[in-house]
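Data block below; observations after.
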Amino acid sequence: MAAVVVPAPLQPFPIAVPGKPWTVEPVEVLVQHGVESIPQIYRRRKEHDAAIDVESTTTFPPPNPSTKRIPVIDLANWNEAFMKDVHAQLQSACEEWGFFRIINHGIPLSLMHDMMTVAKEFMALPVEEKAAYTGTPGVLSEGYGSRYIIKEDIIRDWRDFLYLRLQPLSFRNYDSWPTKPSSFRETLEEYSAQTKKLAQKLLAILSTTLGLNPSYLVDALVEPHQKMLINYYPACPQPELTDGFHKHSDFGALTLVLQEDGVEGLEVRHKGEWVRAEPIEGSFVVNVGDQTEVLSNGRYKSIEHRVVVNRDKSRISVPVFFDAAPEARVSPAKELLQEEAGNVAKYKQLKFDEYEMSFYDHGAKGKQIVESLIITNDRND
Ligand code: OGA
Ligand code: NI
């Protein structure tokens with residue numbers, strides 16, 4: 001009788017730290033175990049992206065990547081005579097793309113470098129050390145890990161992360177902050193303060209371009225809640241089969257992404273194509289999230305994006321997210337609705353913490369969650 005070859009199990013994985021088991025083992029641990037064939041649960045599914053015939057994708061990256069580029073907006077003169085131009089550019093970027101790049105935004109290059117350096121130094125620590133920051137499973141968790149909520153059928157990302165809640169300060173928990181590298185805390189405090197100011201300015205301009213009072217979006221979020229990810233995408237033996245972050249839209253209002261120089265990965269959906277948003281030193285990639293889509297009644301749409309992984313390079317990104325307060329009830333701005341003109345609310349109201357929970361419950365599934373809020377009209381007109 002032919003011998004049945006049973007592949008050696010990868011288990012047991014090292015237990016993180018006594019009392020802090022992994023919810024899902026970090027991808028870095030899989031890589032250290034030398035996986036060559038990535039487990040099924042990480043594999044992109046056909047129904048997940050009908051445009052990609054997963055099994056037959058043999059070349060990676062694809063031979064003809066889109067040559068389109070996301071819009072670049074220079075904020076150098078945003079308080080002066082060019083303000084009108086900046087407004088017009090932001091408005092068109094939000095309407096046409098939902099993603100754009102900002103330069104001369106006022107955050108010093110040295111701070112961006114320092115933030116990326118501490119992010120890299122943290123992720124370069126041995127897994128056992130990072131494991132001391134493992135979060136407890138649950139939607140409000142923060143800390144180091146690869147996923148906090150496991151449901152058997154949720155596709156997994158080829159990604160480990162450190163997730164921290166930064167603002168408001170009452171919601172910050174320094175016990176979750178790494179003490180290594182030693183400059184982590186000081187750098188992140190400064191980074192959090194400066195990105196908060198930048199996001200508030202951007203949200204004020206977005207409000208104005210929607211025809212709303214400048215404080216509208218910030219007020220509608222009740223108090224913007226700032227969160228940060230340090231995403232670590234290890235090199236992957238089969239990059240054609242998975243994503244570092246499967247396609248999704250961000251569930252908050254606005255995201256600012258800092259990327260590691262020299263490694264590509266982020267791709268943005270634009271008119272049916274995936275467009276690369278490569279790292280450019282000194283710039284942030286900015287995107288509109290689901291809450292802005294709802295508040296603007298669909299005028300500024302959140303956009304699907306994904307992170308592809310590389311065969312021989314790891315990648316780090318540091319997005320900061322501006323979300324609503326958990327208790328905020330977000331709905332289309334009344335000022336934008338004129339029922340008599342047929343301009344009715346297109347989205348149901350949502351309570352932000354419930355919305356956030358459903359994102360974690362479903363995993364990255366394109367725009368499925370925000371689309372579930374769309375009010376369908378019985379009439380077919
Ligand atoms: C995210 C995200 C992009 C990146 O964390 O929501 O889309 O480049 N990250 O890591
Ligand atoms: Ni995202």
Side-chain angles (χ1 to χ4, degrees), residues 27 44 48-49 61 70 97-102 112 115-116 119-120 122-123 139 141-149 154-166 195 199 225-236 239 242-270 274-281 283-293 301-310 313-323 355-356 358-360 362-370:
V27 174
R44 210 189 276 140
H48 192 80
D49 196 339
I70 60 172
W97 284 81
F99 258 86
F100 50 92
R101 186 188 298 283
I102 51 174
M112 297 173 82
M115 187 62 231
M116 185 49 77
K120 281 187 184 167
F122 174 73
M123 283 300 173
V139 71
S141 191
E142 56 176 0
Y144 173 70
S146 190
R147 179 173 285 285
Y148 287 139
I149 312 266
I154 292 189
I155 195 165
R156 288 192 201 162
D157 296 317
W158 197 260
R159 171 180 74 118
D160 299 333
F161 57 75
L162 177 76
Y163 185 48
L164 296 176
R165 294 165 187 272
L166 305 179
T195 50
H225 276 226
Q226 186 195 40
K227 300 160 194 169
M228 177 200 67
L229 274 172
I230 294 177
N231 286 317
Y232 172 52
Y233 303 99
C236 177
T242 188
D243 282 323
F245 205 143
H246 293 277
K247 67 169 186 172
H248 65 285
S249 58
D250 292 350
F251 58 76
L254 192 76
T255 308
L256 306 179
V257 187
L258 171 66
Q259 307 189 64
E260 176 174 3
D261 280 336
V263 199
E264 296 194 6
L266 178 56
E267 294 189 342
V268 173
R269 181 84 105 186
H270 181 67
W274 287 110
V275 175
R276 285 266 158 118
E278 71 281 13
I280 296 182
E281 192 180 38
S283 74
F284 287 100
V285 170
V286 183
N287 63 286
V288 161
D290 296 345
Q291 307 311 303
T292 302
E293 173 166 338
K301 290 210 167 49
S302 64
I303 296 296
E304 278 177 348
H305 52 287
R306 67 178 187 184
V307 177
V308 298
V309 283
N310 298 300
K313 276 188 191 167
S314 63
R315 172 175 178 269
I316 289 191
S317 69
V318 184
V320 284
F321 303 94
F322 296 86
D323 293 354
Y355 192 78
E356 184 173 19
S358 66
F359 182 89
Y360 289 114
H362 291 93
K365 281 197 178 161
K367 290 197 52 169
Q368 224 166 285
I369 311 177
V370 70

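Atoms within a ligand are numbered from 1 in the order they appear, just like the ligands themselves.
Donor-acceptor pairing under 3.5 Å is lacking for the side chains of Thr242 and Arg44.
Residues Leu162 and Phe122 form a side-chain contact, since some pair of their non-hydrogen atoms from C-beta on lies under 4.5 Å apart. For the pair Val288/Ile303, no side-chain contact is recorded, criterion being any heavy-atom separation below 4.5 Å from C-beta on.
Between His270 and Trp97, the ring planes lie parallel to each other; the angle is under 30°, not in the 30° to 60° tilted range.
Protein N/O/S atoms closer to the Ni ion (ligand 2) than 2.8 Å number 3 in this structure.
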Between ligand 1 and the protein, give all atom pairs where both partners are nitrogen or oxygen and the distance is under 3.5 Å, as lines of names plus distance to 0.1 Å.
residue, atom, partner, partner atom, Å
ligand 1, 5 (O), Asn231, ND2, 3.1
ligand 1, 6 (O), His248, NE2, 3.1
ligand 1, 6 (O), Asp250, OD1, 3.2
ligand 1, 7 (O), His248, NE2, 3.2
ligand 1, 7 (O), His305, NE2, 2.9
ligand 1, 8 (O), Arg315, NH1, 3.2
ligand 1, 8 (O), Arg315, NH2, 2.8
ligand 1, 10 (O), Asn231, ND2, 3.4
ligand 1, 10 (O), Tyr233, OH, 2.6
ligand 1, 10 (O), Ser317, OG, 2.5

Q. When you look at Phe245 and Tyr233, which way does the side chain to side chain contact (heavy atoms under 4.5 Å, CB included) test go after all the steps?
A. CA-CA 9 Å; Phe245 205 143; Tyr233 303 99; 4.0 Å; yes
Q. Between Val286 and Phe99, is a side chain to side chain contact (heavy atoms under 4.5 Å, CB included) present by the stated rule, with each step listed?
A. CA-CA 6 Å; Val286 183; Phe99 258 86; over 6 Å; no
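Here the two rings, on Phe322 and His225, have centers that are 6.0 Å apart or farther.
Taking Ser302 as the reference, Ser249, Asp290, Glu293, Lys367, Val370 meet the side chain to side chain contact (heavy atoms under 4.5 Å, CB included) condition, with sequence neighbours excluded.
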Table please: side-chain donor-acceptor pairs of residues 313-321 below 3.5 Å, with sequence neighbours left out.
residue, atom, partner, partner atom, Å
Lys313, NZ, Gly262, O, 3.4
Arg315, NH2, Gln259, OE1, 2.7
Ser317, OG, Asn231, ND2, 3.3

